[in-house]
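Worksheet for the structure shown next.
Both counts, for ligands and for their atoms, begin at 1 and track the order of listing. These values consider heavy atoms only, across backbone and side chains, with no hydrogens, waters or symmetry-generated copies. Just so it is clear, the structure is predicted and the values come from calculations on it, not from any experiment. The first residue in the sequence is number 1, and the count goes up from there.
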Amino acid sequence: MSGPSIVWLRDDLRLADNPALRAAIDRGERVICLYVLDEESAGIRPLGGAARWWLHHSLESLASGLRERGASLVLRRGPAERVVRETARDAAASAVFWNRRYGGPERTVDTALKTALRANGVEVASFAASVLFEPWTVKTGTGAHFSVYTPFWNACLRLPPPRHPLSEPHEIAGEPRPPASEALQDWGLLPHRPDWAAGLRERWEPGEPAARRRLREFLASDIEEYDRARDEPAAGATSLLSPRLRWGELSPHTVWHETIAAGRGGRFLAELGWREFAWHTLFHFPDLASKNLRPQFDAFPWPPLRPDLLRAWHEGRTGVALVDAGMRELWSSGFMHNRVRMVAASFLVKNLLIDWRHGEEWFWDTLVDADAASNPFNWQWVAGSGADAAPYFRVFNPDLQAKKFDAGGRYVAKWAPEHLSHEPLEPIVNLAETRRAALDAYAHVTRSA
Ligand code: FAD
């Protein structure tokens, strides 16, 4: 007799367009959905604070969606390889399905688990669900991987188009006596003492139903302004889908096909292309968060860390209006507009002369959309050490950026109003002098190249 099927959910907290879930349902046996909080496997990066907050609520929403359809969500904590094997044993499961992950340590866990389960006679299958094109399918003419975005994206667009999304199951034959689950509350994912999440609660509603609503709303209206105003932080012209894609509440396939069905595309889909490029880069370069992609940047002479400057940046007290506004938006709401992320990151690296890894860590802890690919990829892009990166010598002037993209001062007025109501504040460093110092330091990189 065949046992139940386990769907091991990871960064795919959704019912619609979930190939692993669909395969389990189609197999015809009882279905058990499992989520493992893995903070122990070697190399798996523990989630940041804002990400933990999102995860708690997204799991709550997923559990309720499963319950309505007849299934339950089993929660367990520990090193995934052991925990999934134990759960399969406890449930007498005869199949385990999941959607693939592309980070190095995650792949190590998944491969080991696949081997161990198969050795025990358990059927295992994995599926493509979190990227539109899998990393090994996109190659240059010589079979290498791309290091420049435009040819990368053109090559993706020449491949067969992403598959159509799978429909959402309305009923799931859940296991009547699923293996024991831990209680979500016991995981301590939500902050308390202090509870700093008020701004996150105000801005976001995690979970698949809200993600689908946001996609529909964006395609029905805000996307009209996307091409013109996507760089203006006060315009509200971007999709705000990044945390939804990060947690897999929406699949990129759904976003892709619904955008095209709405008669849209172009610029917006090209941004999804940057997400693909970041994941492919991580796949080929698993140390993206710790090592310079371009090794000549290892010669960069970072001065000794000034914790006072780093703290001022964290807290949005740099005296530079757009940077302060962005850093406060981040702290308060777990998000920062893309243009402002670029300016705040450039200021840290090229005016405060602080190693990009310190900035990446702060974003990792505070962004609700922080992911293992996009965050380090974009930090390295800004720092000049990454794939297809902005040249190091191109240093953003944060005041000119504010004039150009926040001309009416609406964004600064919302997040750092003191910059508008007083005499101009004094930046914590002199912008022109630090820019020169950064360019001098950069000369070491070019000399050692
Ligand atoms: P839209 O403009 O509506 O774009 C649609 C989708 O395309 C986004 O939801 C996102 O999934 C993808 N996308 C857009 N731009 C990028 C990009 N440059 N790189 C990768 N994907 C992109 N994005 C993250 O999802 N997670 C991160 O951890 C992250 N860290 C960043 C760190 C820095 C220093 C910088 C400069 C950018 C970072 N980004 C990150 C990229 C970008 O800022 C966000 O994806 C974007 O602001 C999300 O807003 P949106 O959903 O409204 O974007």
Side-chain angles (χ1 to χ4, degrees), residues 11 45 47-48 50-51 54 103 130-132 149 152-153 203-204 211 214-215 217-219 222-233 235-252 254-256 258-259 264-282 288-289 313 323 326-327 329-330 333-350 354 356-390 396 401:
D11 297 330
R45 195 171 180 185
L47 295 172
W54 191 287
S130 304
V131 289
L132 296 167
Y149 168 78
F152 165 80
W153 191 232
R203 182 157 191 180
W204 302 104
R214 175 59 198 151
L215 174 61
E217 177 187 273
F218 173 66
L219 292 177
D222 298 340
I223 198 171
E224 306 262 358
E225 288 293 299
Y226 189 79
D227 291 8
R228 188 189 63 79
R230 57 184 284 276
D231 270 321
E232 296 170 17
T238 72
S239 70
L240 303 179
L241 291 177
S242 54
R244 280 85 184 209
L245 285 160
R246 153 68 184 90
W247 296 101
E249 298 167 352
L250 283 175
S251 73
T254 298
V255 176
W256 175 273
E258 291 202 11
T259 302
R264 309 289 182 172
R267 188 66 231 206
F268 176 65
L269 293 181
E271 293 306 316
L272 281 187
W274 278 100
R275 178 179 178 274
E276 296 286 308
F277 191 40
W279 279 103
H280 287 221
T281 304
L282 178 72
L288 194 61
W313 181 80
V323 174
M327 297 307 291
E329 180 189 18
L330 175 61
S333 72
F335 188 82
M336 195 196 299
H337 182 276
N338 181 59
R339 170 62 45 178
V340 192
R341 289 187 203 198
M342 292 197 285
V343 173
S346 167
F347 180 77
L348 183 83
V349 175
K350 298 179 186 175
I354 293 180
W356 62 266
R357 282 162 276 231
H358 292 287
E360 196 273 346
E361 253 174 55
W362 182 252
F363 273 30
W364 179 261
D365 199 26
T366 50
L367 277 172
V368 288
D369 63 21
D371 75 45
S374 303
N375 195 39
F377 173 93
N378 280 287
W379 271 97
Q380 294 223 42
W381 185 88
V382 173
S385 61
D388 200 4
F396 279 121
Q401 290 283 311

Q: Pull out every atom of ligand 1 sitting under 4.0 Å from any heavy atom of F268, numbered as shown with elements.
A: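 Near F268, the atoms of ligand 1 are 3 (O), 5 (C).
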Q | Per-atom contacts, ligand 1 versus E271 - under 4.0 Å to a heavy atom | A |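 Atoms satisfying the 4.0 Å criterion: 4 (O), 7 (O), 12 (C), 13 (N), 14 (C), 15 (N), 22 (C).
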Out of [options], whose heavy atom is nearest to [atom]?
atom	options	value
atom 21 (N) of ligand 1	R214, M336, R246, R275	R275
atom 3 (O) of ligand 1	A345, S374, S239	S239
atom 4 (O) of ligand 1	F218, Y149, Y226, W274	Y226

Q) What pairs with A345 under side-chain contact (heavy atoms from CB on, under 4.5 Å), at least two apart in sequence or on another chain? A)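 Expected list: W379, V382.
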Q: List the closest protein heavy-atom neighbour of atom 30 (N) of ligand 1: residue, atom name, distance to the nearest 0.1 Å.
A: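 Among all protein heavy atoms, the one nearest atom 30 (N) of ligand 1 is N375 OD1, 3.2 Å.
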Taking 4.0 angstrom as the limit, do [X] and [Y] come out as a salt bridge?
X	Y	value
E224	R264	yes
R275	D369	no
R267	E271	yes

Q: With heavy atoms under 4.0 Å as the rule, classify the contact between F277 and ligand 1 as side chain, backbone, both or neither.
A: neither
Q. Side chain, backbone, both or neither: which part of L245 comes within less than 4.0 Å of ligand 1 when only heavy atoms are counted?
A. side chain
Q. R339 versus T238: any side-chain heavy-atom pair under 4.5 Å?
A. no
**Q.** Nitrogen or oxygen of N378 less than 3.5 angstrom from that of ligand 1
**A.** yes
Q: May I ask you to decide if the ring planes of Y149 and F152 are parallel, tilted or perpendicular, using 30° and 60° as cut-offs?
A: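 Correct class here is tilted.
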